[in-house]
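All remarks here apply to the structure that follows.
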Amino acid sequence: MATSQLIQISKEWIGKVALVTGASAGIGLQLLKSLTNSGIRCVGCARNISKIEELSNGVIAHRCDVSNDTEVKFMFEMLREKLGGVDILINNAGLSHYSPLLTGSTEEWREMLQVNILGLSICTREFLQQLKSRLVETGYVVNLCSMSGHRVLTDPNYHFYAATKYAVTALTEGLRQELRATGSGVKVSQISPGLVDTEFKGRAMKDMTAAKVYYESNPVLTCEDISQSVLYLLSTPQHVSVHDILMRPTRELK
Ligand SMILES: NC(=O)c1ccc[n+]([C@@H]2O[C@H](COP(=O)([O-])OP(=O)(O)OC[C@H]3O[C@@H](n4cnc5c(N)ncnc54)[C@H](OP(=O)(O)O)[C@@H]3O)[C@@H](O)[C@H]2O)c1
């Protein structure tokens, strides 16, 4: 069943443009489908865009590494020219490596920092600058955080990743405060899921087969569960600010 049809987004977002980062797989790819079905014009970016291009629903695919300042600036300029600008930013691009604090590699830590923290911050800044230059007073930033932005698992493979997601929790609240201080009408929220069945764990482990076995033997959320939460955020009236949605599979212990 296409449950995404059940949540009606607010009329103010219909026909507006959403940019979903990290949209070539998992949660991002599902978001492109759910948002488009709800009447939002979508742009999906990632480093590999073939799966976004395969969507035959009018979604625009754009190749972009969100940790690259120049590429992100170019993307926002291009979207301003082509679509008039971006109204909703979903900061979804993110990754983990299995990289414990005692033995992990600096390169893997650097990539997590560059994508999960810097990439999200660069995209957010460029998004807000283009809203300002268009004299648009409303917009929405949704950050894909994690339950790992709220508690530290005993699994050492995720300790550095958790540090990046704790940073996202701080960035969401910091952004809320900066926006309120300037009297902006732009809303900001984050979503903090537990385990979601995507390519995430396979990429982290560098073993898609082992990850598949793990997902099959543990309680998981689906990508649609997450996209439903994003639709809920977009259904809230302008005066309501939902800060964070913490969500786990019902039977998850951690
Ligand atoms: N799966 C979970 O259990 C879980 C739980 C909580 C939170 N999250 C968060 O949810 C978000 C989405 O994860 P997912 O589970 O959907 O993972 P996924 O299936 O591995 O997808 C990750 C996406 O991020 C993109 N990406 C990675 N590095 C990028 C970069 N430098 N520039 C642009 N795009 C980049 C990937 O595309 P390319 O490789 O093509 O660039 C891919 O589209 C992440 O922020 C993750 O931390 C996931």
Side-chain angles (χ1 to χ4, degrees), residues 19-34 43-55 59 61-72 74-75 89-98 107-108 110-124 142-151 153 155 157-158 160-169 171-172 190-208 211-212 214-215 218-227 229-230 244-249 252 254:
L19 169 62
V20 180
T21 70
S24 65
I27 294 166
L29 197 58
Q30 176 59 45
L31 278 168
L32 291 180
K33 296 174 192 166
S34 300
V43 182
C45 81
R47 293 162 305 173
N48 307 295
I49 55 170
S50 53
K51 289 210 181 119
I52 306 173
E53 287 173 326
E54 281 166 23
L55 297 173
V59 167
H62 182 78
R63 187 171 289 106
C64 177
D65 178 339
V66 294
S67 67
N68 183 315
D69 210 72
T70 310
E71 289 187 21
V72 173
F74 174 78
M75 174 170 65
L89 171 65
I90 317 268
N91 278 313
N92 169 74
L95 79 153
S96 183
H97 289 292
Y98 268 23
E107 266 321 295
E108 289 181 337
R110 186 172 287 122
E111 190 186 4
M112 285 187 261
L113 275 177
Q114 285 179 338
V115 178
N116 299 1
I117 302 177
L118 270 180
L120 175 144
S121 302
I122 295 167
C123 287
T124 303
V142 180
N143 291 334
L144 251 296
C145 188
S146 170
M147 282 303 299
S148 290
H150 298 279
R151 49 100 173 100
L153 294 174
D155 181 348
N157 291 310
Y158 287 111
F160 197 91
Y161 172 73
T164 68
K165 291 299 183 178
Y166 268 78
V168 172
T169 295
L171 291 168
T172 302
Q190 69 178 23
I191 298 183
S192 300
L195 186 66
V196 190
D197 185 357
T198 67
E199 293 183 14
F200 180 84
K201 196 172 182 70
R203 291 181 183 218
M205 298 170 80
K206 300 176 182 59
D207 185 342
M208 288 294 175
K212 186 167 182 285
Y214 184 86
Y215 283 131
N218 282 278
V220 289
L221 295 167
T222 66
C223 292
E224 198 170 38
D225 295 327
I226 312 307
S227 67
S229 291
V230 173
D244 195 352
I245 298 179
L246 282 73
M247 52 194 296
R248 293 180 169 95
E252 185 173 280
K254 297 166 273 184

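When reading the values below, keep in mind they use all heavy atoms of this one structure, side chains included, and skip hydrogens, waters and symmetry mates. Ligands are counted one by one from 1 in listed order, and the atoms in each one are counted from 1 as well.
Side chain to side chain, Ser192 and Asp244 meet the donor-acceptor criterion of an N or O pair below 3.5 Å. A side-chain N or O of Thr172 and one of Gln190 form a donor-acceptor pair less than 3.5 Å apart.
Electrostatic pairing of Arg47 and Glu111 counts as a salt bridge here, judged by a charged N lying under 4.0 Å from a carboxylate O. Electrostatic pairing of Glu54 and Lys51 does not count as a salt bridge here, judged by no charged N lying under 4.0 Å from a carboxylate O.
Checked against Leu29 for a side-chain contact (heavy atoms from CB on, under 4.5 Å), the options Leu55, Val20, Asn92 give a single hit: Leu55.
The 4.0 Å heavy-atom shell around ligand 1 contains residues Gly22, Ala23, Ser24, Ala25, Gly26, Ile27, Ala46, Arg47, Asn48, Cys64, Asp65, Val66, Asn92, Ala93, Gly94, Val115, Leu144, Cys145, Ser146, Tyr161, Lys165, Pro193, Gly194, Leu195, Val196, Thr198, Glu199, Phe200, Arg203, ordered by chain and number.
Of the possible donor and acceptor atoms, none in the side chain of Thr198 sits under 3.5 Å from a partner among the backbone N and O of Ile27.
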